[in-house]
Structure formats: structure tokens, C-alpha cells
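Counting convention: from 1, in listed order, for ligands and their atoms alike.
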Amino acid sequence: MHPESHTPPSEIIILPSVLAADWSCMGDEVRRAEAAGARRLHLDVMDGAFVDNISFGPNMVKTIRGVTDLYLDTHLMIHRADHYLQRFIDAGTHNITVHVEAHYDTSLAETLGRIRAAGLQCGLALNPATPLDAALPYLHQIDLLLVMTVVPGFGGQSFMEKETMPKLAAARDYRDTHGLHFHLQVDGGIYPDTAGIAARHGANLLVCGTSSFGPPDMTAALHELATAARSPA
Ligand code: DX5
Ligand code: ZN
């Protein structure tokens, strides 16, 4: 198990999303994130079917794993994640997050079970339009719940506060009243101002694409994001 796997859900962590990195020098970009103090990297896999974009697959995950020991958090925006699962497990990722809205050859519950049985952590993601109810049957078998704060598919979109913050707060309350311990992740449109809003509604894992890889000084950017997320309203 990666040491990061033991971090409690009370701890704020900023996850740079390599979707916003300069792919002409991906290895250097990963090392830049590492040098800037990142503890986890977020890897966005898109299949052109579940979402309207195509990014990369298990070979890129393996390539990134080859240049860093950082905890890799892989977000599968794909149908049939169960069919492709073993390839992502073999690529060396530490977490795999799958979507509740996606199609499965087997089932979502079985897919989550297989991720954990392989010794990885697992996450479940909800699109902005999907109610928390859809996730309730699975909350006992996940390490993180990802409340998407944009419609997935592209970086650089605007944070959907009204559509997603009540759901995030409800997920936090449900977790805390049911003795569960999953992390709460947000993804999409996270900048210092929205990082603060999301953290106050319960998020502790903040995925940041444009706001982390965009600025020339990533150390300062990550520090600003974490400070905003840790400061009270
Ligand atoms: C969106 C992806 C995000 C994306 C976020 O579909 O899941 O992880 O990288 O990008 P920003 O932070 O630029 O909104
Ligand atoms: Zn993502």
C-alpha cells in the first residue's frame, strides 16, 4: 500500500490533474508537480463515448508511474471500466474511480469489489446531474466519493456551485452520521475561491487542472489553493 493510502479524510490534499499539463514533456511536468509539493496526481481517462472527448489509456498511466512514486488517482470517464480494469491495475495506479452513470459488463458493485481485491483504493464519481441517492448503495465499499463540479470531458470549465454544493454537503452529512470514512473529492473549475467553497461543504481532495499546471510557479499555486481550502469562511 502507498503511504498516502492511510491519509484520513480530514486532510486537505490538492491533486494536480495532468490533463492540463504540457503533454510534449509529460515526464518533466510530473516532476514539476512533484517538486511543487504535490502528493497525488489525478489522471483523467476519457473514452469518447461516456464523455465527448478522448484523452489517454493505461499506457500513459504506466508511463507516468515510471517517472514518479506519487500516489496516482485515476479517474475513469469510460463505459465498461470492468472490461479494461486489469490493464489499469497492471499500469500501477493506486486508486481507480469509476462513474455511477457508466455501463458495465458485470456490475458497478462487482467492479468496485475487484478494485479493492487487487489492493487498490477505489472511488465512485457522480456527474453534476446525478443525485446522491444513486451512490448510496455503494458507499460502504469506496474510499472516495467524487462529486463532479463540472460536466466531465474537458478542463477549464466553470464550477457548478448551485448544482453540486448541496449534494456535497449532503454526502458529508450522510458519511458522518453513518460512521463511514470515505474521502470527498471535487473535480472541475477548482481555483482558490472555489476551493474554499468546496472545502467548506466537505471536500478534502481537490482536483486542480488549469489552476495547478497553468501558472508558471506551481509551488505557489498549490500553496494558495491549499491555504484557501484550509481557511474558514
Ligand atoms: C474534467 C476532468 C478534470 C479536469 C479538471 O472532465 O475530470 O479532472 O482535469 O480541469 P480544471 O481544473 O481545469 O477544471
Ligand atoms: Zn477528473
Side-chain angles (χ1 to χ4, degrees), residues 12-23 26 29-30 32-33 36 38-58 60-61 64 70-79 81 84 88 91 93-102 115 121-130 142-161 163-165 168 183-199 203-216 218 221-222 224-226 228-229:
I12 298 280
I13 299 174
I14 307 297
L15 296 91
S17 167
V18 302
L19 196 65
D22 178 350
W23 291 10
M26 187 62 102
E29 288 287 76
V30 168
R32 183 160 76 98
R39 296 160 51 176
R40 304 185 183 202
L41 288 179
H42 185 80
L43 311 185
D44 285 309
V45 176
M46 305 178 183
D47 67 352
F50 180 70
V51 292
D52 188 27
N53 198 4
I54 300 174
S55 59
F56 52 75
M60 178 62 92
V61 176
I64 291 173
L70 290 180
Y71 181 103
L72 301 183
D73 174 61
T74 299
H75 176 196
L76 297 184
M77 286 163 274
I78 67 174
H79 285 305
Y84 295 101
F88 287 100
T93 184
H94 301 94
N95 175 83
I96 294 177
T97 294
V98 295
H99 269 264
V100 75
E101 306 87 357
I115 298 170
Q121 296 196 298
C122 69
L124 183 61
L126 296 176
N127 283 340
T130 305
I142 62 171
D143 299 290
L144 76 85
L145 182 70
L146 167 51
V147 175
M148 288 301 302
T149 41
V150 298
V151 176
F154 299 89
Q157 302 183 78
S158 298
F159 183 73
M160 298 169 66
E161 178 173 354
E163 296 87 342
T164 63
M165 288 302 99
L168 177 59
H183 294 250
L184 282 166
Q185 186 174 64
V186 285
D187 182 7
I190 303 295
Y191 293 82
D193 57 340
T194 50
I197 295 168
N204 72 295
L205 301 178
L206 295 97
V207 176
C208 298
T210 311
S211 60
S212 63
F213 278 101
M218 199 193 293
L222 297 188
E224 192 186 350
L225 287 158

Contact atoms of ligand 1, heavy-atom distance to [X] under 4.0 Å:
{"X": "M77", "answer": "6 (O), 7 (O)"}
{"X": "F154", "answer": "1 (C), 6 (O)"}
{"X": "G188", "answer": "14 (O)"}
{"X": "P152", "answer": "6 (O)"}
{"X": "G155", "answer": "10 (O), 13 (O)"}
{"X": "D187", "answer": "2 (C), 3 (C), 4 (C), 5 (C), 7 (O), 8 (O)"}
{"X": "H75", "answer": "7 (O)"}
{"X": "H42", "answer": "8 (O)"}

Could you find the nearest protein heavy atom to [atom] and give me its residue, atom name and distance?
{"atom": "atom 11 (P) of ligand 1", "result": "G156 N, 3.6 Å"}
{"atom": "atom 13 (O) of ligand 1", "result": "T210 OG1, 2.4 Å"}
{"atom": "atom 4 (C) of ligand 1", "result": "D44 OD2, 3.6 Å"}
{"atom": "atom 14 (O) of ligand 1", "result": "G189 N, 2.8 Å"}
{"atom": "atom 12 (O) of ligand 1", "result": "G209 N, 2.8 Å"}

Among T97, D187, T74, which residue meets the side-chain hydrogen bond (donor to acceptor under 3.5 Å, both in side chains) test with H42?
->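 Answer to the side-chain hydrogen bond (donor to acceptor under 3.5 Å, both in side chains) test with H42 among T97, D187, T74: D187.
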
Just do the side chain to side chain contact (heavy atoms under 4.5 Å, CB included) check on F50 and V45 with the steps written out, would you?
-> CA-CA 10 Å; F50 180 70; V45 176; over 6 Å; no

Do the two ring centres, one from H99 and one from H75, sit under 6.0 Å apart?
->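 Yes, close enough.
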
Do the side chain of D47 and the main chain of H79 share a donor and acceptor less than 3.5 angstrom apart?
->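 Side chain of D47 to backbone of H79: a pair is present.
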
Exam field: side chain T93 to backbone L72, donor-acceptor pair closer than 3.5 Å =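 The answer is yes, because a donor-acceptor pair under 3.5 Å joins these two groups.
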
Nearest to atom 6 (O) of ligand 1 by heavy atom, C208, S17, S55, G153: which?
->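 Comparing heavy atoms across C208, S17, S55, G153, the nearest one to atom 6 (O) of ligand 1 lies in G153.
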
Select one of side chain, backbone, both or neither to describe which atoms of L19 lie under 4.0 Å from any atom of ligand 1, heavy atoms only.
->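 Just the side chain.
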
Hey, which protein N/O/S atoms does the Zn ion (ligand 2) have under 2.8 Å?
->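 Only H42 NE2, D44 OD1, H75 ND1, D187 OD2 fall inside 2.8 Å of the Zn ion (ligand 2).
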
Are any of the N or O atoms of M46 closer than 3.5 Å to those of ligand 1?
->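 So ligand 1 has no N or O lying under 3.5 Å from an N or O of M46.
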
